[in-house]
Amino acid sequence: MDQEKLGFSTNAIHAGYDPNKHEGALSTPIFCTSAYAFDSAEQAAARIGGEEEGMVYSRGGNPTVRVLEQRLAILEGAQAAVAVGSGMGAISTLAWTLLRPGDKLLVDVTLYSGTQTLVNSILPEFGIVTNVADFTRPDEVGASISRNTKLVLFESLTNPNMRMVDIKTISETVRERSEALIAVDNTYCTPYLQRPLDFGADIVLHSLTKYINGHGDVIAGVVIGSAEIVKRVRTAGMKNSTGACLSPADAYLILRGLKTLTIRMDRHCHNAQIIAEFLERSSCVKKVHYPGLQSYSQYDLARRQMKQPGGMIAFELKGGIEAGRKFINSLRLFARSLSLGDAESLALHPASMMKTVYTEEDRRDSLIDDGLVRLSVGLENVEDLLADLEHALSVLA
Ligand SMILES: *Cc1c(COP(=O)(O)O)cnc(C)c1O
């Protein structure tokens, strides 16, 4: 079957797996094996040398993990993917593969907190220079590119403040000025809502921990791109540097979660739209950042770039840190938690809950308001979620 012609939901269930090659098993078998046996010394040499396709050792590849990789590559419209043990594993493995002392990395002002630490504190210790620009302003990105810029990395939407980057314009801006590779962390959107490669990016990163697995029971990540880039990331990066391979049992859970990605995302989006509209009417709320609202700063871009506005909302309470703390402590159904994309609704107030990660200075640099609350809207009945939010807001009034 030509997978390019099949629909997204069909591919999320079938791509990369043929039951007839596995005793007819409809569910992907978990290959619990660390190594593989060879027919002969010659075959071993050919496999290890990469002249013959096939498994060698599970740090470099595993049949269950391979199904997940092929499925995710097809869903993002890419040639290949390499799955790793966490989202941070994906980002750091990419960095160790592509960057060398003296190279420059250009990133957006807002990044996931772990990525922020990696690029601002850890990579510079190895002689890699990180430049920062506001990626909602392509002219600023253009001016920040130099001859040594090897990698451009950003999120869209950004975690946690829901800024949106115009992937097509940024990709064109970077290409006009350099040969840097363009990597987009697409965790917030999933390929169901947005495919960065269609807009000109080279590499897509995901924390599979979030929407793609969707059930809050696995930590995992992936790097997706051309066969050439993925081969380098798999070999020089994952196999020989970070060693951050994914367990086949976790790959199985993610394949299971992925089967329902589209119906889950439809429901996340449905619930989030209703909640965003409700928050916008509250007198305690200064601003709601949700791409499905006409008041969203980049509403027109959202309609071009995303199929639906997603399940994440950021909003700013009028009373700053204290209002945020009070609100978050008053929630009864939304869990106070760091993750996102689960069936359960989750809430985060960075200024109080992550005050050691996002200091006052970090919050200012990353454009995170003191009263900013992040919601990962789950799959519950929306009336119950609204009642919980209404109660927590009433404590502030
Ligand atoms: C969670 C997250 C990560 C890190 O992923 P882990 O699986 O937790 O290592 C990276 N980027 C974004 C946008 C995230 O939300």
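Both counts, for ligands and for their atoms, begin at 1 and track the order of listing.
- Judged by the 6.0 Å and 45° rule, K287 forms no cation-pi pair with Y296.
- For ligand 1, none of its N or O atoms has an N or O atom of L340 under 3.5 Å away.
- Numbered from 1 in the order shown, with element, the atoms of ligand 1 that lie under 4.0 Å from a heavy atom of S86 read 7 (O), 9 (O).
- Annotation: E155 places no N or O atom under 3.5 Å from an N or O atom of ligand 1; distance criterion only.
- A donor and an acceptor atom, one from each side chain of D185 and Y112, are nowhere located under 3.5 Å apart.
- The atoms of ligand 1 that sit less than 4.0 Å from any heavy atom of M88 are 4 (C), 5 (O), 6 (P), 9 (O).
- For ligand 1, none of its N or O atoms has an N or O atom of T115 under 3.5 Å away.
- Atom numbering of ligand 1 starts at 1 in the shown order; those under 4.0 Å from a heavy atom of D185 are 10 (C), 11 (N), 12 (C), 13 (C).
- Ring centers of F327 and F334: at least 6.0 Å apart, outside the cut-off.
- If you number the atoms of ligand 1 from 1 as listed, the ones under 4.0 Å from a heavy atom of N159 come out as 14 (C), 15 (O).
- The backbone of A220, and not its side chain, has at least one atom closer than 4.0 Å to an atom of ligand 1 (non-hydrogen atoms only; backbone = N, CA, C, O).
- Looking only at atom types and distance, the side chain of H349 has a donor-acceptor partner in the side chain of S352 under 3.5 Å away.
- Using a 4.0 Å cut-off between charged nitrogen and carboxylate oxygen, K231 and E228 do not count as a salt-bridge pair.
- Counting protein heavy atoms only, atom 6 (P) of ligand 1 is closest to G87 N, 3.3 Å.
- Any N or O atom pair closer than 3.5 Å counts here, and K210 shares at least one such pair with ligand 1.
- No side-chain N or O of T187 forms a donor-acceptor pair with one of E155 less than 3.5 Å apart.
- Between I91 and ligand 1, no pair of N/O atoms sits closer than 3.5 Å.
- Counting the atoms of ligand 1 from 1 in the order shown, those under 4.0 Å from a heavy atom of T209 are 6 (P), 7 (O).
- Taking the side chain as every heavy atom from C-beta outward, M312 and L157 never approach each other to under 4.5 Å.
- Nearest protein neighbour of atom 4 (C) of ligand 1, counting heavy atoms only, is Y112 CE2, 3.4 Å.
- Heavy-atom neighbours of Y57 OH from other residues, nucleotides or ligands within 6.0 Å: at or below the threshold of 12.
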Walk me through it: do H268 and Y211 pass the test ring-ring contact (aromatic ring centres under 6.0 Å, His included)?
-> CA-CA 10 Å; H268 284 299; Y211 285 109; 5.0 Å; yes

